[in-house]
Amino acid sequence: MVLWVFGYGSLIWNPGFDFDDKILGFIKGHKRTFNLACIDHRGTPEHPARTCTLETDEEAICWGIAYCVKGGPEKEREAMKYLERRECEYDQKISVDFYKEGDSLKPAVTGVLVFVSTPDPVGNKYYLGPAPLKDMARQIATANGPNGYNRDYLFSMEKALANISHEDDSIIELANEVRKVMNRMKETKITGTDAALKSHAPLVNLSALPEGTVVDSR
């Protein structure tokens with residue numbers, strides 16, 4: 001038995017678990033969105049961060065890294081234990097076909113595991129849904145948690161995708177908008193006018209995760 005896991009967010013630059021092989025490639029029919037609340041890594045229950053999930057889009061492809069764990073059942077269990085703890089805000093595990101660069105017809109690997117979030121703001125308390133670009137940028141620019149600022153997660157993703165030579169235009173656009181917010185924050189020098197730059201995202205009723213859930217990964 002071999003475990004394959006697709007990384008499309010922080011797993012690209014910081015997998016955090018023991019793996020035996022990795023392949024650069026893509027999956028079909030999914031796109032990245034910053035529609036998932038994070039309350040334990042880069043945000044708090046009172047001021048959630050926005051992190052990456054996948055949503056279906058028939059025309060889209062999503063580039064990332066497929067990691068292979070083939071050291072036996074115990075090694076696979078350890079990897080899954082780590083991943084399920086780290087990706088605790090994702091409520092679904094789906095299986096997808098993974099394609100290598102240069103061959104978009106025949107999957108290089110089938111049955112690759114992906115952690116995703118149900119895009120339902122009613123049934124899934126961690127799903128924030130889309131928001132205007134400027135509102136998302138304000139939220140990401142200001143949110144922070146035990147692992148640091150939300151914006152650093154976004155900038156790390158932008159850099160990681162550039163490093164694998166498959167940049168995501170939506171990530172670049174969002175990152176540039178966050179930089180504009182940060183520049184305005186510097187100009188105000190934390191004066192009374194800074195209140196206008198605070199996140200306009202509505203507070204969501206999120207409960208803190210169980211003690212010991214935080215993993216230094218994002």
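Along the sequence shown, the residues carry numbers beginning at 1. These figures come from a predicted structure and were not determined experimentally.
- Partners of Asp18 according to the side chain to side chain contact (heavy atoms under 4.5 Å, CB included) rule, which considers only residues two or more places apart in sequence or in another chain, are Lys75.
- Rounding to the nearest 0.5 angstrom, the gap separating the CG atom in Leu36 from the OH atom in Tyr126 is 9.5 Å.
- Residues Val69 and Ala79 approach most closely at CG2-CB, 4.2 Å, considering heavy atoms.
- Interatomic distance, Cys52 SG to Met157 CE, rounded to the nearest 0.5 Å: 4.0 Å.
- A salt bridge between Lys70 and Glu76 is absent, with no side-chain N of the basic residue lying under 4.0 Å from a carboxylate O of the acidic one.
- For the pair Val96 and Ile94, the minimum side-chain heavy-atom distance is below 4.5 Å.
- Remark: aromatic rings of Tyr67 and Phe17 are close, center separation under 6.0 Å.
- Residues Ile39 and Thr44 are not in side-chain contact: their nearest non-hydrogen atoms beyond the backbone lie 4.5 Å or more apart.
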- Could you walk me through whether Ile23 and Ile65 pass the side-chain contact (heavy atoms from CB on, under 4.5 Å) test, one step at a time? CA-CA 6 Å; Ile23 305 174; Ile65 304 290; over 6 Å; no
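- Residues Leu24 and Lys100 fail the side-chain proximity criterion, which asks for heavy atoms closer than 4.5 Å.
- Scanning for side chain to side chain contact (heavy atoms under 4.5 Å, CB included) contacts around Ser95 gives an empty result, with sequence neighbours left out.
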- Message: Using the rule given for salt bridge (charged side-chain N to carboxylate O under 4.0 Å, His left out), can you reason through Arg179 versus Glu158, listing the C-alpha separation, both sets of side-chain angles and the distance that settles it, and then say yes or no?
- Response: CA-CA 12 Å; Arg179 291 185 182 99; Glu158 181 187 34; 2.5 Å; yes
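- Separating the SG atom in Cys88 from the NE2 atom in His41 is a distance of 5.5 Å, to the nearest 0.5 Å.
- For the pair Ser170/Phe34, no side-chain contact is recorded, criterion being any heavy-atom separation below 4.5 Å from C-beta on.
- A salt bridge is absent between Lys81 and Glu78: the closest approach of a Lys/Arg side-chain nitrogen to an acidic carboxylate oxygen does not fall below 4.0 angstrom.
- At least one side-chain heavy atom of His166 sits less than 4.5 Å from a side-chain heavy atom of Glu101.
- With sequence neighbours excluded, the residues that form a side chain to side chain contact (heavy atoms under 4.5 Å, CB included) with Pro121 are Tyr127.
- The shortest non-hydrogen separation linking Pro48 to Ala143 is O-CB, 4.0 Å.
- Within the 3.5 Å criterion, the main-chain N or O of Pro107 finds no donor-acceptor partner in the side chain of Asp97.
- The side-chain heavy atoms of Phe155 and Val178, taken from C-beta on, include a pair separated by under 4.5 Å.
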- Message: Checking Arg50 against Cys38 for the side-chain contact (heavy atoms from CB on, under 4.5 Å) test, could you report, in this order, the C-alpha distance in whole Å, the side-chain angles of both residues, the deciding distance, and whether it holds?
- Response: CA-CA 6 Å; Arg50 277 185 177 264; Cys38 176; over 6 Å; no
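- Side-chain atoms of Tyr149 do not come within 3.5 Å of backbone N or O of Gly43 as any donor-acceptor pair.
- Take Ala160 and apply the side chain to side chain contact (heavy atoms under 4.5 Å, CB included) test, not counting sequence neighbours, and it matches Ile12, Trp13.
- The shortest non-hydrogen separation linking Leu3 to Leu113 is CD1-CD2, 4.3 Å.
- Listed for the Arg86 side chain is a donor-acceptor partner under 3.5 Å among the backbone atoms of Pro15.
- Within the 4.5 Å cutoff, side-chain heavy atoms of Asn163 are placed close to those of Lys159.
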- Message: Between Val112 and Val5, does the side-chain contact (heavy atoms from CB on, under 4.5 Å) criterion hold? Intermediate values first, please.
- Response: CA-CA 5 Å; Val112 177; Val5 180; 5.7 Å; no
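- Taken from CG in Leu83 to NZ in Lys93, the straight-line distance is 10.0 Å, to the nearest 0.5 Å.
- Contact between Leu11 and Phe6 at its shortest, heavy atoms only, is CD1-O, 4.3 Å.
- Heavy atoms only, all atoms of each residue included: Val2 and Cys68 are closest at CG1-SG, 3.3 Å.
- In this structure, Arg85 forms no cation-pi arrangement with Tyr82, as its terminal cationic atom is not both closer than 6.0 Å to the ring centre and no more than 45° off the ring axis.
- Side-chain contact check for Gln139 and Asn150: no donor-acceptor pair (N or O, by modelled atom type) lies under 3.5 Å.
- Between Glu187 and Arg184, none of the side-chain N atoms (NZ, or NE/NH1/NH2) sits under 4.0 Å from a carboxylate O, so this pair counts as no salt bridge.
- For the pair Leu174 and Leu133, the minimum side-chain heavy-atom distance is below 4.5 Å.
- Note that NE2 of His47 is 9.5 Å distant from CG of Asn144, once rounded to the nearest 0.5 Å.
- Here the side chain of Glu58 pairs no donor or acceptor atom with the backbone of Lys28 at under 3.5 angstrom.
- The backbone N or O of Trp63 lies less than 3.5 Å from a partner atom in the side chain of Arg32, making a donor-acceptor pair.
- Among residue pairs with one or both ends in residues 102-111, none qualify as side chain to side chain donor-acceptor pair (under 3.5 Å); sequence neighbours excluded.
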- From CA spacing to verdict: side-chain hydrogen bond (donor to acceptor under 3.5 Å, both in side chains), Asn124, Ser117: CA-CA 8 Å; Asn124 179 4; Ser117 184; 2.6 Å; yes
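- From Leu54, atom CG reaches atom NZ of Lys31 across 11.0 Å, with rounding to the nearest 0.5 Å.
- Gln92 meets the side chain to side chain donor-acceptor pair (under 3.5 Å) test with Thr118; sequence neighbours excluded.
- With hydrogens and angles disregarded, no donor-acceptor distance shorter than 3.5 Å links the side chain of Arg42 to the backbone of Gly145.
- Residues Ala60 and His30 approach most closely at CB-O, 3.4 Å, considering heavy atoms.
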